[in-house]
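Heads up, the thing below is written out as structure tokens.
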Amino acid sequence: MKKETEAIHTRFQSSDAYGALSMPVYHTAAYEFEDAATMADAFCGRIDAPDYSRVTNPTVIYFENKVKALTGAADAIAFSSGMAAICGTLMCLAGAGKNIVTSRHMFGNTFMLITDTLGRFGVEARLCDLTDPEEVAAATDGNTCCIYTEIITNPQMEVVDLQKLSETAHSRNIPLVADTTMIPFTEFSAKELGVDIEVVSSTKYISGGATSIGGLAIDYGWKSFSDLMRKEMLMNLGAYMTPHAAYMQALGLETLSVRYARQSATALEIAQRLEGHPAIRKVNCIGLKDNPFHELASRQFGPTCGAMITIDLADRDACFSFINRLKLIRRATNLFDNKSLAIHPASTIFGNFTPEERAEMDILDTTIRLSIGLEAPEDILEDILHALQHTDNHTTALI
Ligand SMILES: *Cc1c(COP(=O)(O)O)cnc(C)c1O
């Protein structure tokens, strides 16, 4: 079956009392047992039966099974947010005295998790340029618990060579962990590129329409990893996905490939139309042929480029005035909603970092991040061009 078919026809583990065609939402904290022995078997993992919804729930398992079918993973574990999935994964792999080899080009909260939060527990963050295999190799040692990367950094849009990174990792018996939120797993196989553990914010593409917060840790064969994740992290962190979120996100998965195809095509079209606009210093979109990461990205992720693009204007004031003049595109964080969204990362997501820290992370005051939605491309473009006109009196519209 093709992935879009698989995404729709995942079967329930056992039949529903009423033969519901849609997976019911099992809003229950606990489950009842026939007798004490069955209860003991369920609690000790000897039989596959839910016991308590902090660690297992039929609706969440249904969502996890859809993800397993789509990725071919050994296991997929759903968390209450992308950050919870990342935190659970890193807490599972790391410990005092261990180090994580990663980059400064990183989602702000992940960066703070690794450097500050895990740092307080004696985990060392080794920050290097993940696009430079020699630097990565030099940063690893016997205490490296993983190499952690994002497949397309946000908002810098740097693309790492996953195969090269995995060769470095595997030659040292270190797992490669990749945050793949930027390109959905229906489009490419992280496993084939050598990723051992994939983490995803399912809040973004998967939820669809930004209905709910969620995260996934997807295990490609580090079986002891997913066992520990379920036995220790789900139990002790208490950040399993809720059944309601799982219901919405399973529904989101069913339409993911259709939404993604449309959104990424529109994003590329808009990037192409904005290139050369006099008010814009730079359009950053990996789908553009002259983008330095275009070839590597198409080799790894296929012909699509994702639905996030950035534009750089003259300065922060120009960015604020552009954002204030948008009429259709919403002023909001989040990515890959059905609605187009705009944000100024430097003053929001990275607003609590010092200017020096932002400079080190290549977060510029001139950058606006756009997440392109499902609206008609010409309406989105018209909104952008209109907002740009007022940032520079000499601008002439392109349409
Ligand atoms: C949004 C995001 C996260 C965090 O996910 P939440 O679901 O918001 O907790 C992590 N990584 C990337 C790349 C993201 O875009």
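We count residues from 1, following the sequence as given. Both ligands and their constituent atoms are indexed starting at 1 by order of listing.
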Side chains of Thr304 and Tyr260, donor plus acceptor under 3.5 Å
yes
Polar contact flag, side-chain donor to acceptor under 3.5 angstrom, Arg172-Thr140:
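Side chains of Arg172 and Thr140: pair found under 3.5 Å.
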Heavy-atom nearest pair, Val195 first then Tyr220, reads O-CD1, 3.6 Å
Protein heavy-atom partner closest to [atom] - residue, atom, separation in Å:
atom                    : value
atom 14 (C) of ligand 1 : Lys204 NZ, 2.9 Å
atom 7 (O) of ligand 1  : Thr203 OG1, 2.6 Å
atom 13 (C) of ligand 1 : Asp179 OD2, 3.4 Å
atom 8 (O) of ligand 1  : Ser201 OG, 4.1 Å
atom 9 (O) of ligand 1  : Met83 N, 2.9 Å

In sequence, state the C-alpha distance, the side-chain angles, and the governing distance for Lys282 and Asp312, and then conclude on salt bridge (charged side-chain N to carboxylate O under 4.0 Å, His left out).
CA-CA 5 Å; Lys282 182 180 169 191; Asp312 279 85; 5.5 Å; no
Student check: side-chain heavy atoms of Ile151 and Val159 closer than 4.5 Å
no
Please tell me if the side chains of Ile147 and Ser166 come closer than 4.5 Å, counting only heavy atoms from C-beta onward.
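Heavy-atom side-chain distance check fails, nothing below 4.5 Å.
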Looking at ligand 1, does any of its N/O atoms fall within less than 3.5 Å of an N/O of [X]?
X      : answer
Glu150 : no
Thr110 : no
Ile213 : no
Phe107 : no

If you count the atoms of ligand 1 from 1 in the order shown, which ones are under 4.0 Å from a heavy atom of Ser81?
7 (O), 9 (O)
Using a 4.0 Å cut-off to any heavy atom of Gly82, which atoms of ligand 1 qualify?
5 (O), 6 (P), 7 (O), 9 (O)
Could you check whether the rings of Phe336 and Tyr205 sit parallel, tilted or perpendicular, using 30° and 60° as the cut-offs?
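Rings of Phe336 and Tyr205: parallel, as their planes differ by under 30°.
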Side-chain (Glu357) to main-chain (Thr354) donor-acceptor, under 3.5 angstrom:
yes
4.0 Å heavy-atom contact, Gly214 with ligand 1
yes
